[in-house]
K.L.:
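Supplied in structure tokens, the structure appears directly below.
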Amino acid sequence: MSVLALGFVACDDYDEALPQSNPQAPITSVNGLTVAPGSDLIDALNLNNVQTTHQLTLVNTTATPALNAGTGVDYDVQIAADETFAEYKQYKMSDGAIQANNINAAFRSFYGKTPNAKPLWFRFIPYLTDGTSRVAFAKDTYLMATKVVVTPIDLGIVIDPAYYVVTDVWFGDGWDKSLIKLDHADTDLYDDPIFSATVELKKGSIQFIGSKGLESAKADPDNSFLYVWGAANDNSTSGDLAYGEAAMAINIAEDGLYSITIDMLNNTFKVAKVVPTMYMIGDFCGWDWKNASTMVPAWANDNGAKDSWKYWVLAFVGENKGFKFNTNAAWDGGEFGYNGASLVSNVAGVDFVNDNGNIALSKAGWYLFGVEKKLGNAGFEFVVNVFAPNVYVYGSCAGGVWNDDANWLFNVPTTADGVFTSPVLAADGELRLCVHPLNSDNSQWLGDWWQSEFIFFGDAIAYRGTGGDQQRVNAGAGQVVSLNFTTGKAALK
């Protein structure tokens, strides 16, 4: 110890970074130095009961070896959220104490804005000091790793048990018709302050309201707007939330499916229109997501249900050649194959085949594939349908025919790079094209023909999908339509 004291003039200042070591069993003594918990580290610690600048005693020195005159022992404290100390905050101490606001800052860095009590771990690094400089007492030594439950300084943030989307900011239809409840996980509100939902919204404006605010608004109908949350900035669809008179309405530009998320601990929100996606990958595209087929989202989501989506695509597959589906164009674990979906063939003589976990068909050719994604008891479930690759001409160019007429079916090619060709058009007029998948019982899988129609602009096929009426394209009697669903190109000659 005398050697340590003699070498003291060469020591580092406070900012030295000690090498880290693996977690070790707690120790309270090293080289004659013994420590014990300070008075504020014995029981649970509530920081609301002390001033922020109050010094909290965390460690006491109970014994030291013989030291040179003017030399003492001081400490740094490392504070972590778990006993591994993989992440920690380090503070210099004075007489074994630090200010309460330092402990609160460490707590907030690990646990955010919650008012709930959480565990913190404390351990101590001893130093020899002469009051101005210091040197590590023992290399890679941490004393008295101690777990204490700490209640942080309350920020005054109150989260209601439930939140709702207010779809009529003037409440003209009454509360019961104006509210959509947001979902929340079955966890502590301050551990998970996120409320969210994917819902159908009409063009107009929305705001949010909590369950307690709703009670207040119903009791004070003349001032209902005082209890709602809205955008802090005008015309925002994401950002900070404001409350009461400062809450601005959030604009919904058009009817559609929207993803809504609010964070009621940080008072932020995001509203985004959802374009449901589904991709088909397989042997037909070399199992390369860059070449995967993007499926067309259905115009109607199970007759308006908010827990079911449908997609379709025309694709050529080889006999017993596998394919899969995913909502993202990536190998992210969400892809599903033969055992991940219910399989329904609506084509006589065509069966599904298990190709090493991939889906395959017993006959090569062009098919219309339809995928339904629906919310079940254990999460999302999938149904894969296969239909005949029927493409129709409708309307004026078909001589006024507005139904599935076999005389107006496109010819189906027999190769992957083949082109679908229409019959010779009967008359001048607006060209209307569609697929119209039917179940084995002849019922509509999607809905009316226009819910799965498409057209082409220039030479590019454009699908209506979940959108409204498409721009009209005129064609003339005697012309023929050619469609290449592999390249997405079309022609009218």
Side-chain angles (χ1 to χ4, degrees), residues 1 14 16-18 20-67 71-129 131 134-157 188 190-191:
M1 191 59 63
Y14 163 63
E16 75 170 290
L18 292 177
Q20 293 304 294
S21 59
N22 294 327
Q24 54 187 307
I27 58 174
T28 58
S29 182
V30 61
N31 296 339
L33 172 67
T34 304
V35 298
S39 59
D40 294 304
L41 207 63
I42 297 175
D43 298 315
L45 180 59
N46 189 338
L47 298 179
N48 293 287
N49 295 335
V50 297
Q51 296 293 322
T52 57
T53 57
H54 181 74
Q55 294 284 332
L56 295 173
T57 302
L58 304 182
V59 61
N60 286 324
T61 303
T62 59
T64 65
L67 300 175
T71 301
V73 177
D74 203 353
Y75 304 90
D76 275 4
V77 60
Q78 289 183 351
I79 305 175
D82 61 64
E83 60 187 341
T84 69
F85 285 85
E87 296 183 19
Y88 60 85
K89 297 295 181 181
Q90 185 166 328
Y91 300 94
K92 185 177 180 180
M93 307 185 74
S94 176
D95 295 326
I98 61 171
Q99 290 185 355
N101 57 6
N102 288 328
I103 299 177
N104 189 70
F107 182 101
R108 292 295 179 206
S109 72
F110 300 126
Y111 295 116
K113 297 180 180 180
T114 179
N116 296 334
K118 301 284 185 180
L120 287 179
W121 287 78
F122 298 79
R123 68 183 183 185
F124 303 90
I125 305 170
Y127 293 89
L128 284 171
T129 180
R134 57 188 193 156
V135 66
F137 188 91
K139 184 179 180 182
D140 295 347
T141 297
Y142 306 95
L143 296 176
M144 204 178 65
T146 303
K147 176 184 177 183
V148 175
V149 175
V150 175
T151 302
I153 297 171
D154 194 341
L155 298 175
I157 299 174
D188 184 277
Y190 293 92
D191 289 338

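Computed from heavy atoms alone, side chains included, the values below leave out hydrogens, waters and symmetry copies.
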K.L.:
If the condition is salt bridge (Lys or Arg N to Asp or Glu O under 4.0 Å), which residues does K118 pass it with, not counting sequence neighbours?
P.N.:
D191
K.L.:
Under the side chain to side chain contact (heavy atoms under 4.5 Å, CB included) criterion, do V148 and W121 qualify, and how do the steps go?
P.N.:
CA-CA 6 Å; V148 175; W121 287 78; over 6 Å; no
K.L.:
Under the rule for side-chain hydrogen bond (donor to acceptor under 3.5 Å, both in side chains), what residues qualify as partners of D188, not counting sequence neighbours?
P.N.:
N116
K.L.:
Write down the atom of Y127, the atom of Q90, and the distance for their closest heavy-atom approach.
P.N.:
OH-NE2, 4.2 Å
K.L.:
Using side-chain heavy atoms (C-beta onward) and a distance below 4.5 Å, is T71 in contact with T129?
P.N.:
no
K.L.:
For F107, is there any backbone N or O sitting under 3.5 Å from a side-chain donor or acceptor partner on S109?
P.N.:
no
K.L.:
What distance separates D82 CG from Y88 OH, expressed to the nearest 0.5 Å?
P.N.:
13.0 Å
K.L.:
Might you point out which heavy atoms bring Y190 and P115 nearest each other, and give the distance in Å?
P.N.:
CD2-CD, 3.1 Å
K.L.:
Please determine whether a side-chain nitrogen of the Lys or Arg among D76 and R123 lies less than 4.0 Å from a carboxylate oxygen of the Asp or Glu.
P.N.:
no
K.L.:
Step by step, work out the side chain to side chain contact (heavy atoms under 4.5 Å, CB included) result for V150 and Y111.
P.N.:
CA-CA 11 Å; V150 175; Y111 295 116; over 6 Å; no
K.L.:
Can you give the donor-acceptor pairs under 3.5 Å from side chains of residues 93-105 to other protein atoms, not counting sequence neighbours?
P.N.:
unit_1: Q99; atom_1: OE1; unit_2: N101; atom_2: ND2; d: 3.4
unit_1: N104; atom_1: OD1; unit_2: I153; atom_2: N; d: 2.8

K.L.:
By side-chain hydrogen bond (donor to acceptor under 3.5 Å, both in side chains), which residues pair with N60, not counting sequence neighbours?
P.N.:
none
K.L.:
T61 and L33: side chain to side chain contact (heavy atoms under 4.5 Å, CB included), yes or no, with the steps?
P.N.:
CA-CA 8 Å; T61 303; L33 172 67; 3.7 Å; yes
K.L.:
Do you know the tightest heavy-atom contact between Y91 and A106?
P.N.:
OH-N, 3.7 Å
K.L.:
Can you tell me how far apart CZ (F137) and CG (L143) are? Round to the nearest 0.5 Å.
P.N.:
9.0 Å
K.L.:
Set out, in order, the CA-CA distance, both residues' side-chain angles and the distance that settles side chain to side chain contact (heavy atoms under 4.5 Å, CB included) for V35 and Y75, then state yes or no.
P.N.:
CA-CA 11 Å; V35 298; Y75 304 90; 3.2 Å; yes
K.L.:
Identify every side-chain donor-acceptor pair in residues 45-55 under 3.5 Å, counting partners at least two apart or on other chains, and give the distances.
P.N.:
unit_1: N46; atom_1: OD1; unit_2: N48; atom_2: N; d: 2.9
unit_1: N46; atom_1: OD1; unit_2: N48; atom_2: ND2; d: 3.0
unit_1: N48; atom_1: OD1; unit_2: D154; atom_2: N; d: 2.9
unit_1: N48; atom_1: ND2; unit_2: P152; atom_2: O; d: 2.8

K.L.:
What closest approach, in Å, do R134 and K92 show between heavy atoms, and which atom pair accounts for it?
P.N.:
NH2-CG, 3.9 Å
K.L.:
Provide the closest heavy-atom pair for Q78 versus F85 in the form atom of the first, atom of the second, distance.
P.N.:
O-CE2, 3.4 Å
K.L.:
Using the side-chain contact (heavy atoms from CB on, under 4.5 Å) criterion, which residues pair with I42? Sequence neighbours excluded.
P.N.:
P37
K.L.:
Search all heavy atoms of V77 against all heavy atoms of L58 and return the closest pair with its distance.
P.N.:
CG2-CD1, 4.4 Å
K.L.:
Keeping T62 on the side-chain end and T34 on the backbone end, is there a donor-acceptor pair under 3.5 Å?
P.N.:
yes
